Novice: 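If you scroll down you'll find the structure; I have some questions about it.
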Amino acid sequence: MAKYLFPEGFLWGAATASYQIEGSPSSDGKGESIWDRFSHTPGNIFDDDSGDTACEHYRIYREDVRRMADLGLNAYRFSISWPRIFPEGSGKPNQKGLDFYRRLIEELHNYKIKPVVTLYHWDMPQALQDQGGWGNRDTAKYFGQYAACVFESIDLPVDRWITLNEPWVSAFLGYALGVHAPGLNDFNIALQAAHNLLLGHGLAIRSFRDIKRKDEPIGITLNLNPIEPASDSKPDLAQAVRTDGFMNRWFLDPIFRGSYPQDMVEVFSRSFDLPDIEEEDTAVIAEPIDYLGINNYTRILVRAGSSEDDFMGNPLNPPEAEYTEMGWEVYPRGIYELLTRVHRDYGPLPLYITENGAAFDDKPDKDGRIDDSSRINYLQDYLIEAWKAMQEGVLLEGYFVWTLMDNFEWSFGYSKRFGLIYVDYPTQKRYFKDSAYWYRDVISRNGLEVQGGAQ
Ligand code: IFM
């Protein structure tokens, strides 16, 4: 029996996001978000679904918190819906929106579950999008004001704060590829959006430091992937460096080094407008943070693209590999590579895996049991690799499964199930999958016990 024990105080959590679970899109004065608008536009979402109902968490959050307690979670990562707090994006905050999150945090405290709060998980007030959204520099300022309002108004202990979730996704899937809200297809605007997102992050950190919350750590969550060349050929190796520059370093470098990576500045400048950057911006973006949150699901294996300015390359799916329902390769070693790389190149600093998980085609059997052994294997193998990274000095302090319960998976609607808990959408009943029981055991042992091998 191999044992992989984690340190005392390790955070064992699950993560969610407001638009994906809450429903109640206009309750208590909530304003329209870009995801309300995007998903109500026919053709954007699988089956033309939307987050209007989702998991009805806004209404039945107490039941969900009780389930978290049944799972034994000691931490829960959720996001605040910006348009619940500022229905029009700025101006006077909506007290009822703030009250909801206060009640949720109180409920978590009742069960000794540590709240980990993300300020932005993609649901921007539509009113700000009407002025250009993240393409408009003012949005960064409004985000800073929203953050300050939350820091001041939610006067309850919060264990970790996260400014943004996956700004790469917000900028490039939202403004360049058009598959996420707001659905634009303009790489120039996407580059500006990426910069303004980072600026908003830095402004939020500044207001956090100015306000009070001195002993509550704050960081940002990036979606990072290990990028590997398909071969040792020079073009493939160079491609992997560029793809890494686009997907990882374009965010890591300004946050930790105070500048955009020069090789990518050159690549982008040959085909696009570089973002407008004002004098103080790089210092704001590089405001020191207390930890980094990492979302990782897979790796990216690339073959060289058509030119030396191709920053995507041609991603490959090795035929012998296993894939999840999202078509993402299961590649546990990737999380070891990623954690040790971030530690080496940008650390040492505390790290959290703020998302990791897998979508599979889960179905209850005739007795209602949901056998999701593929998910258990996935989570177990990723956790073992994370543990190995810790043996090499990586300061990993917590792990959050994506996700607590099946929910609205953006443009895929309800067709992908990532949850530990199965949601029967027509009845809104929840059922623990086998992975939920498995995770409960992991948490209660503070680690894994795996047949075979020895540790
Ligand atoms: O559902 C998303 C989440 O909102 C952000 N990270 C990736 C998850 C799975 O696609």
Side-chain angles (χ1 to χ4, degrees), residues 13-23 33-36 38-39 44-46 49-51 54-55 57 76-82 116-124 162-174 177 179-182 197 201 219-226 247-248 251 292-300 315 323-331 334-335 338 352-362 372 374-375 378-379 382 398-423 425 435:
T16 63
S18 45
Y19 189 74
Q20 293 180 274
I21 63 166
E22 285 179 357
S33 82
I34 56 173
W35 271 95
D36 293 313
F38 186 73
S39 45
N44 282 340
I45 310 292
F46 178 83
D49 263 319
S50 75
C55 306
H57 173 79
Y76 172 53
R77 173 180 174 226
F78 65 92
S79 75
I80 295 183
S81 160
W82 186 355
V116 175
V117 178
T118 307
L119 292 171
Y120 185 67
H121 199 127
W122 309 348
D123 44 355
M124 166 188 290
I162 298 172
T163 54
L164 305 177
N165 180 70
E166 303 183 359
W168 185 94
V169 172
S170 299
F172 296 107
L173 297 195
L177 297 178
V179 294
H180 273 203
L197 276 150
H201 153 79
I220 184 170
T221 280
L222 301 180
N223 55 305
L224 300 178
N225 290 294
M247 300 209 59
N248 297 327
F251 291 85
L292 177 68
I294 295 177
N295 292 354
N296 174 252
Y297 293 84
T298 189
R299 72 160 162 176
I300 296 176
Y323 294 87
T324 69
E325 275 289 297
M326 298 295 283
W328 298 344
E329 184 188 352
V330 177
Y331 191 70
I335 211 156
L338 191 60
Y352 290 82
I353 295 170
T354 38
E355 285 180 28
N356 172 241
F360 289 108
D361 185 19
D362 307 313
D372 60 340
S374 310
R375 180 172 293 102
Y378 176 102
L379 297 174
Y382 272 77
Y399 175 86
F400 294 77
V401 174
W402 185 267
T403 177
L404 177 69
M405 56 191 162
D406 298 335
N407 58 43
F408 179 79
E409 176 54 27
W410 309 112
S411 58
F412 297 92
Y414 297 95
S415 66
K416 307 290 178 207
R417 293 181 177 272
F418 275 90
L420 294 169
I421 298 175
Y422 184 90
V423 177
Y425 294 109
S435 59

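Since the structure is predicted, the reported quantities are computational estimates derived from the model, not experimental observations. Start at 1 with the first residue, then count along the sequence. Counting starts at 1 for both ligands and their atoms, following the listed order.
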Novice: Using side-chain hydrogen bond (donor to acceptor under 3.5 Å, both in side chains) as the criterion, point out the one residue from Thr354, Thr163, Thr118, Asn295 that pairs with Thr221.
Specialist: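 For Thr221, the side-chain hydrogen bond (donor to acceptor under 3.5 Å, both in side chains) check succeeds only for Thr354.
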Novice: CD of Glu325 to OG of Ser415: how many Å apart, nearest 0.5 Å?
Specialist: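 Separation between the atoms: 8.5 Å.
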Novice: Check each protein residue for a heavy atom under 4.0 Å from ligand 1 and list those that pass, ordered by chain and number.
Specialist: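 Under the 4.0 Å cut-off, ligand 1 touches Gln20, His121, Trp122, Asn165, Glu166, Tyr297, Trp328, Glu355, Trp402, Glu409, Trp410, Phe418.
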Novice: Tell me the closest heavy-atom pair linking Asn225 and Asn248, and the distance in Å.
Specialist: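 Minimum heavy-atom contact is O-ND2, 2.7 Å.
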Novice: For the residue pair Phe360 and Tyr378, categorise the inter-ring angle as parallel (less than 30°), tilted (30 to 60°) or perpendicular (more than 60°).
Specialist: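 Ring orientation of Phe360 relative to Tyr378: perpendicular.
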Novice: On the ring face of Phe400, is Arg77 found with NZ or CZ under 6.0 Å from the centre and within 45° of the axis?
Specialist: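 No; the conditions do not both hold, so Arg77 does not lie above the ring face of Phe400.
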Novice: I'd like to check the side chain to side chain contact (heavy atoms under 4.5 Å, CB included) partners of Thr403; sequence neighbours left out, ordered by chain and number.
Specialist: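 By the side chain to side chain contact (heavy atoms under 4.5 Å, CB included) rule, Thr403 matches Thr16, Asn407, Phe418.
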